[in-house]
Structures are given as C-alpha cells and as structure tokens.
Amino acid sequence: MWDFSFMTPCVLMLLTILGFYFSEPRLPVRANRTFVTLLVIELCVMATDIISTLADEYYQDLSQAILYVANTLYFMFFFAQSYYFYRYTLRVVLVGSEIQQWVEAAFSAPFWFAEVLCVSSVFTGAIFRIDETGYHSGPFYPMLYVCSFLYIALSIAMLIRRRDELLRHELSGALAYNAVLLAGSTMRLLFPRVLVMDTFCTIAITIIFFCFMNPHLFIDQSHIAFNKRGLRLLLSEALERDGLRVMGIAIKNYQQERVVVGGNRVDRAIESICVWIVQSFPRNVLFYLGSGHLAMTGIGNVDWKDVQQRIRKQFQNSWEIGGSILNLGVRFVDIDELWHACHNSSHEKLRVMRSWLRSRSCPPPTALVSFS
C-alpha cells in the first residue's frame, strides 16, 4: 500500500499560498508568472500522483488506456516541476539576456527529451509500461532522478556564480529551496513507496513565497502603491527586455509641510496623491519611494508629457487633509534617456547597473538626474 498521509496538508498549504497571492496586487514581472506556473504544476503533480497511484493499485478494474493517460500525465508534470524550479532560479539571478540561445537550448534539452519519452511510453515502454499484470517501470525510468538532480545542480551552480550580484536574503533563500529539493529527491530515491517528494516541493515553494513572492514585500505601507523593493525588482528584470519606460515624480515642499502641518497629515496627503494617480493612470504602475519621491512605469509609447500636464493640473489645487491646507508642488524627471543609455552600454556596464539595483543603498531613480 502507498502512503498518502503527506499529501493533504501539502495541498492545503499550496491552496492557501495561491489564494493569498491572488488576493494582493502583483507586479507585472516574469518572476510572478513563473511562480504561478510552478504552483499550478505542483498542484497538478499532486493530483496526478494520487490518481495514477490509485489507478496502478486497482489496475484490474480499469482499462489500459486510463492507466496510460494517468501515468503519462503524472510523469509529464513531474518533469515540468523539476524544470520550472530551475526556471525560477533563472528569474532570481536575472540571467535571461546573457544566456546564449544554444546554451539555453542545451539546458532545456533534457526536459524536452524526458517529455517525449513520457508520451512515447505508450508505444515504447520507455518510462513505464502497462500490461495484464499492471504497471511496470521502464528502462528510462531513472530519467526522473537525472532531471531532478541535473536541474538542482544547474540552479545551485548559477546561484554560486552570481552570488556577488544577489542580496544576502536572495542568495540564502534560493540556496535553501534548492537544498530542500535536493533532500526531497534523495528521499524519493531511497524511499520510493513513500509519497514524500511533494512535501519537500511544498516546503520549497513556501520558501520561495516568503523570500521572493509575498506581495507584501513589494507593497508600500499604504497598500496603494508599490515600494522601492518592487521598483528594484521591476527595473532589474527590465534589464533583460526593452519597452519599459520610467518617470520620476518629486513632491515639492514635502519636508517643509511636514514641519508646518505634521508628518501624519503629509503622509495622508501622499496617500491621496497615490490614490488619484492610480485611478487616473490605471495602465501605469506606481511606486512610492519615500521622502515624497514616486516613480511611474509604463510599457510602450507612453506620452509622459500628457501625464505630466494632467498631474501638474491636479497639483494646482491645494490638498486639504484633516482641516489643513497643504501647498504641494510637483517636479518630474524622464529617466528614459538614462535607461536607454544603460541598455546600449557594454555588458560590463549592464552588470554594474544590475549591482546598483541590487544594492541595499539603491537610491530613488529621481535622485539620478536633476528635476525639471
């Protein structure tokens, strides 16, 4: 008999993470999409693991077609799980733009080869076969362990190579979830009849969530705009793609008004400003960086002049908060020229830019150039 005692708490944990994750605002970054894909794949692995295991146990009551479908789906999702943990590590170290296509194809080849073996097992019995006596492992069944250990090794090697460009919590978190996956794969190899691998994968996903994907890590205390850490993530990932545009916003008289009317009222005014910007420009992403500095990002041909005119017009009116009148002005900086200069620079300058973005002392982008 198979031991399913580990499965129920794992499913409940993943559903809890999934529900909490979608209940909060999220940044439009590829790391989010990779994480959600990984969550869905892991849930599919658990579901197909239970279904295929029960089907194999009661094979006499089922047709061979059902057994082949159940086992094929399980193995396909299992290989995808190993591969997407590796893909998520690539998102952590942000090397997508630096890996040559032939290298990426070579690293992906074992996964696609394993998937082909899964589908072909219906005819070849490569990974498994079904006959009158039920389920049997095929000659290529060890590919499960080959893929698991291979992609864990690639992930750890990538993290060690890029350790100087990662913050301490990023490096330790990424090494931790890969260590958990290594322990889980080893346990599966030693105790194949105990369905414990899903528990280790759930622990790894939980580590990823708390270290990297918890939406509260990137949301300002007002829960209206994203924070500096969120901007760092978005800009870091934008080093790998074109099309992102950034504009900085600075609130005039910020420090002066804090002295005159008090910090609480100025903070409430900043919240009102953030609410108005978010409602007025829903296609842009807003970040509050502290000390009266904000940043807006957009994709494609954003008309920043029109955006600036609308914001300036709004600031012509005084902001009334708690019975106090705040005379706040606004200044802007279009950071696109600096940003494109970084994109067109040498590979070494891109590495310096990434290190700057990753540093704890990363200043607001509005501090990079003078305001107009």
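Since we're looking at a predicted model, the values are computed, not measured.
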Chemist: Within a strict 4.5 Å, meaning less than it, do heavy atoms of the Phe287 and Cys274 side chains meet?
Modeler: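 Sidechains of Cys274 and Phe287: no contact.
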
Chemist: Between Arg258 and Asp267, is the closest basic N to carboxylate O distance under 4.0 Å?
Modeler: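 Yes, this pair counts.
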
Chemist: Answer yes or no: is there a donor N or O on one side and an acceptor on the other, between the side chain of Thr53 and the main chain of Ile50, under 3.5 Å?
Modeler: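 Judged by distance alone, no pair lies under 3.5 Å.
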
Chemist: Taking all non-hydrogen atoms of both residues, which atom of Leu43 and which atom of Leu15 are closest, and how far apart?
Modeler: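 Shortest heavy-atom separation between Leu43 and Leu15 comes out as CD1-CD2, 4.1 Å.
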
Chemist: Is it the case that Thr89 and Tyr177 place a side-chain donor and acceptor less than 3.5 Å from each other?
Modeler: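 A donor-acceptor contact under 3.5 Å links the two side chains.
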
Chemist: Between Arg283 (side chain only) and Phe281 (backbone N and O only), is there a donor and an acceptor less than 3.5 Å apart?
Modeler: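 Not confirmed, Arg283 side chain does not pair with Phe281 backbone.
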
Chemist: Between His293 and Ile249, does the side chain to side chain contact (heavy atoms under 4.5 Å, CB included) criterion hold? Intermediate values first, please.
Modeler: CA-CA 6 Å; His293 291 88; Ile249 306 172; over 6 Å; no

Chemist: Is the cationic atom of Arg188 (NZ for Lys, CZ for Arg) positioned less than 6.0 Å from the six-membered ring centroid of Phe78 and within 45 degrees of its normal?
Modeler: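 Output yes; distance and angle both within limits.
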
Chemist: Would you check if the side chain of Asp220 reaches a backbone N or O of His223 as a donor-acceptor pair within less than 3.5 Å?
Modeler: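 Checked: no pair found.
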
Chemist: Is a donor on one side and an acceptor on the other found under 3.5 Å between the side chain of Ser148 and the backbone of Tyr145?
Modeler: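 Checking the backbone N and O of Tyr145 against the side chain of Ser148, no donor-acceptor pair under 3.5 Å is found.
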
Chemist: Classify the ring geometry between Phe75 and Phe128 as parallel (under 30°), tilted (30 to 60°) or perpendicular (over 60°).
Modeler: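 Correct class here is parallel.
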
Chemist: Given side chain to side chain contact (heavy atoms under 4.5 Å, CB included), test Asn32 with Tyr21 step by step and report yes or no.
Modeler: CA-CA 10 Å; Asn32 283 335; Tyr21 178 80; 3.0 Å; yes

Chemist: Should Leu73 and Ile51 be regarded as members of a common hydrophobic cluster, given that ILVMFWY residues are connected when their side-chain heavy atoms come within less than 4.5 Å of each other, either directly or indirectly?
Modeler: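 Each belongs to a different hydrophobic cluster.
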
Chemist: One pair to check against side chain to side chain contact (heavy atoms under 4.5 Å, CB included): Ile152 and Ser185. What are the steps and the verdict?
Modeler: CA-CA 10 Å; Ile152 293 171; Ser185 297; 3.8 Å; yes

Chemist: For Tyr83 and Ser108, run side chain to side chain donor-acceptor pair (under 3.5 Å): C-alpha distance rounded to whole Å, both residues' side-chain angles, the deciding distance at 0.1 Å, then the answer.
Modeler: CA-CA 8 Å; Tyr83 180 68; Ser108 302; 2.9 Å; yes

Chemist: I'd like to know if the side chain of Glu170 reaches the main chain of Leu167, judged simply by a donor and an acceptor atom lying under 3.5 Å from each other, with no hydrogens or angles considered.
Modeler: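 Judged by distance alone, yes, a pair lies under 3.5 Å.
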
Chemist: Taking the side chain as C-beta and beyond, is there a heavy-atom pair between Met213 and Arg26 under 4.5 Å?
Modeler: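 SC-SC contact between Met213 and Arg26 ruled out.
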
Chemist: Kindly indicate, with the supporting measurements, whether the criterion ring-ring contact (aromatic ring centres under 6.0 Å, His included) is fulfilled by Tyr141 and His136.
Modeler: CA-CA 10 Å; Tyr141 181 84; His136 303 279; over 10 Å; no

Chemist: Donor-acceptor pair, distance only, cut-off 3.5 Å: does the side chain of Tyr59 make one with the backbone of Ser63?
Modeler: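 Flag not set: sc Tyr59 to bb Ser63 has no pair under 3.5 Å.
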
Chemist: Should the heavy atoms of other residues, nucleotides or ligands under 6.0 Å from CZ of Phe212 be counted, would the total exceed 12?
Modeler: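 Atom CZ in Phe212 is crowded, with more than 12 foreign heavy atoms closer than 6.0 Å.
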
Chemist: With a 6.0 Å cut-off on the ring centroids, do Phe85 and Tyr151 count as close?
Modeler: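 Centroid distance Phe85-Tyr151: not below 6.0 Å, so no.
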
Chemist: For Gln309, does its backbone N or O pair with a side-chain atom of Arg312 as donor and acceptor, under 3.5 Å?
Modeler: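 Not a single qualifying donor-acceptor pair exists.
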
Chemist: On a heavy-atom basis, which atom in Ile127 and which in Ser121 lie closest, and how many Å separate them?
Modeler: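 Where Ile127 meets Ser121 most closely, the heavy atoms are N-OG, 2.9 Å.
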
Chemist: Between Met76 and Val119, what is the shortest heavy-atom contact and its length?
Modeler: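 Here Met76 and Val119 meet closest at SD-CG2, 4.0 Å.
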
Chemist: For the backbone of Phe210 and the side chain of Asn214, can you confirm whether one donor and one acceptor N or O come within less than 3.5 Å of each other?
Modeler: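 No, the answer is negative, given that no donor and acceptor are paired below the 3.5 Å cut-off.
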
Chemist: Give a yes or no on whether the backbone of Tyr74 and the side-chain of Asp49 come within a donor-acceptor separation of less than 3.5 Å.
Modeler: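 Checking the backbone N and O of Tyr74 against the side chain of Asp49, no donor-acceptor pair under 3.5 Å is found.
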
Chemist: Flag the pair Leu117 / Phe79 as yes when at least one side-chain heavy-atom distance between them is below 4.5 Å, and no otherwise.
Modeler: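 No, their side chains stay 4.5 Å or more apart.
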
Chemist: With the threshold set at 4.0 Å, does a side-chain nitrogen-carboxylate oxygen contact exist between Arg129 and Asp131?
Modeler: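 Here Arg129 pairs with Asp131 in a salt bridge, since their nearest N and O are under 4.0 Å apart.
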
Chemist: Evaluate the side-chain proximity of Phe218 to Asn227: yes if any heavy-atom separation is below 4.5 Å, no if none is.
Modeler: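 With C-beta onward as the side chain, the pair touches.
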
Chemist: Give a yes or no answer on whether the side chain of Ser280 reaches the backbone of Ile277 with a donor-acceptor pair at less than 3.5 Å.
Modeler: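 No, the answer is negative, given that no donor and acceptor are paired below the 3.5 Å cut-off.
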
Chemist: For Ile208 and Tyr88, what are the C-alpha separation, side-chain angles and deciding distance, and is it a side chain to side chain contact (heavy atoms under 4.5 Å, CB included)?
Modeler: CA-CA 9 Å; Ile208 291 174; Tyr88 187 81; 3.6 Å; yes

Chemist: Could you check whether atom CZ of Phe22 has more than 12 heavy atoms from other residues, nucleotides or ligands sitting under 6.0 Å from it?
Modeler: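 Above 12, so yes.
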
